[in-house]
Amino acid sequence: MSVSGEAVLRVEDLTIAYDSVTAVKDASFEVGAGEIVAIIGPNGAGKSSLLSAITAIAPRARGRIEICGRSIDDIPRSDIVKLGAALVPEGRQIFTSLSVIENLKLGATIRRDREIAADLEAVFAEFPVLAERRRQMAGLLSGGEQQMLAIGRALMSRPRLLMLDEPSLGLAPMALARVYDRLTAIRSRGVAILVAEQNAARAFAVADRVLIMSHGRFSLSGRPDEVKAHRDFDGAYFGVAMSGVRWS
């Protein structure tokens with residue numbers, strides 16, 4: 001359940017299957033407005049499949065997904081963003097041959113209002129380094145700057161639900177800290193945030209709730225302090241995640 005009064009995302013009994021392989025089994029959770037929920041697990045746990053199902057990419061065997069109170073059943077994949085959901089994919093997937101500002105404008109292609117220019121300036125205020133390099137080719141940015149660009153592009157659709165798949169992948173600690181600092185700022189504006197992560201220490205530091213995932217199932221969930229104090233935490237987390245985790 002969400003700690004907020006409004007569930008921006010609701011997932012009920014979700015099962016995802018690719019032919020005979022089940023990637024996610026009976027997953028249920030909510031993300032409320034102004035809440036950060038982190039799904040933590042190693043590669044192959046089912047995290048990316050879960051986010052793909054929410055964006056209508058992965059096939060669902062059964063289950064229900066609602067975004068802002070509306071089921072995504074029979075909604076074209078291209079219209080998921082119109083419901084209020086935006087995904088920052090693993091690996092960022094920016095257009096390296098386009099400029100920073102051109103990448104950002106692509107995030108607003110679904111919009112027809114007159115506030116796109118104002119929202120561009122809001123993204124530049126959120127990520128000042130992007131403002132400094134607005135005319136630069138995106139492929140020349142550092143990994144951390146590219147991640148900021150991918151987040152900024154997602155924000156240009158004015159999402160109520162922002163999803164990030166492995167945002168820490170390939171980032172230096174300082175760049176990662178800056179990215180997560182901005183996520184907390186975005187959350188403070190009422191945006192619901194769902195993060196799929198292997199970097200448990202970073203996710204635990206900012207999340208309101210965490211869900212530990214292994215082999216397509218949630219084994220533990222709750223507030224970060226509750227999950228870390230649970231008697232089954234070592235088995236649920238350290239049994240499936242990378243070794244050498246340090247809590248800070």
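From a predicted model like this one, the values you see are computed outputs, not experimental measurements.
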For [X] and [Y], work out which heavy atoms get closest and say how close.
X	Y	result
G152	L104	C-CD2, 3.5 Å
P89	R153	CD-NH2, 4.3 Å
A138	L149	CB-CD2, 3.7 Å
F218	A27	CE1-CB, 3.7 Å
R133	L141	CD-CD2, 3.8 Å
P159	A154	CD-O, 3.4 Å

> Would L130 and V100 count as a side-chain contact (heavy atoms from CB on, under 4.5 Å) if you check the C-alpha gap in whole Å, the side-chain angles of each, and the deciding distance to 0.1 Å?
Replying inline: CA-CA 7 Å; L130 298 183; V100 166; 4.2 Å; yes

Looking at [atom1] of [X] and [atom2] of [Y], how far apart are the two atoms once the value is rounded to the nearest 0.5 Å?
X	Y	atom1	atom2	value
R10	I65	CZ	CD1	12.5 Å
I80	R70	CD1	CZ	9.0 Å
R202	L171	CZ	CG	10.5 Å
K105	E102	NZ	CD	7.5 Å
S48	D165	OG	CG	3.5 Å
S52	M163	OG	CE	9.0 Å

> Side-chain donor-acceptor pair under 3.5 Å between Y180 and S168, yes or no?
Replying inline: no

> Considering the options V129, L140, I94, which one meets the side-chain contact (heavy atoms from CB on, under 4.5 Å) requirement together with E145?
Replying inline: V129

> How would you list, by chain and number, every residue that makes a side-chain contact (heavy atoms from CB on, under 4.5 Å) with A131, sequence neighbours excluded?
Replying inline: F124, R134

Any side-chain heavy atom of [X] sitting closer than 4.5 Å to one from [Y]?
X	Y	answer
P173	L176	no
S219	M213	no
C68	V8	yes
V210	V37	no
I116	M156	yes
L14	D26	no

> How is the hydrophobic cluster of F95 composed, in terms of its other members, when Ile, Leu, Val, Met, Phe, Trp and Tyr link through side-chain heavy atoms under 4.5 Å apart, directly or indirectly?
Replying inline: L98, L106

In one Ile/Leu/Val/Met/Phe/Trp/Tyr side-chain cluster, 4.5 Å: [X], [Y]:
X	Y	result
V88	L9	no
L194	L50	yes
L164	L211	no
L87	V191	no
V123	L162	yes

Output yes when a side-chain donor or acceptor of [X] lies under 3.5 Å from a complementary backbone atom of [Y], and no otherwise.
X	Y	value
N103	S99	yes
K47	E197	no
T22	V24	no
T55	L51	yes
E166	G91	no
S49	A23	no

>> Looking at R77, I'd like to know if its CZ atom is crowded, meaning that more than 12 non-hydrogen atoms belonging to other residues, nucleotides or ligands lie closer than 6.0 Å.
In response: no

>> Before you tell me yes or no, could you show the steps for E115 and R158 under salt bridge (charged side-chain N to carboxylate O under 4.0 Å, His left out), namely the whole-Å CA-CA distance, both residues' side-chain angles and the distance that decides it to 0.1 Å?
In response: CA-CA 11 Å; E115 299 180 17; R158 288 193 171 181; 2.4 Å; yes

> What residue pairs, at least two apart or across chains, pass salt bridge (charged side-chain N to carboxylate O under 4.0 Å, His left out) with a residue in residues 172-184?
Replying inline: E126-R182

>> Taking D13 first and then R62, would you say they form a salt bridge - that is, a charged N and a carboxylate O separated by under 4.0 Å?
In response: no

>> Using a strict threshold of under 4.0 Å (side-chain N to carboxylate O), is an ion pair present between D208 and R187?
In response: yes

> What residue among E35, E30, E226 forms side chain to side chain donor-acceptor pair (under 3.5 Å) with R209?
Replying inline: E35

> S157 and I110: side-chain contact (heavy atoms from CB on, under 4.5 Å), yes or no, with the steps?
Replying inline: CA-CA 7 Å; S157 69; I110 67 165; 4.3 Å; yes

> How far apart are the C-alpha atoms of Q198 and I40, what are their side-chain angles, what is the distance that settles it, and do they pass the side-chain contact (heavy atoms from CB on, under 4.5 Å) test?
Replying inline: CA-CA 6 Å; Q198 292 187 61; I40 299 170; over 6 Å; no

>> One pair to check against side-chain contact (heavy atoms from CB on, under 4.5 Å): E66 and I72. What are the steps and the verdict?
In response: CA-CA 6 Å; E66 292 182 358; I72 69 169; over 6 Å; no

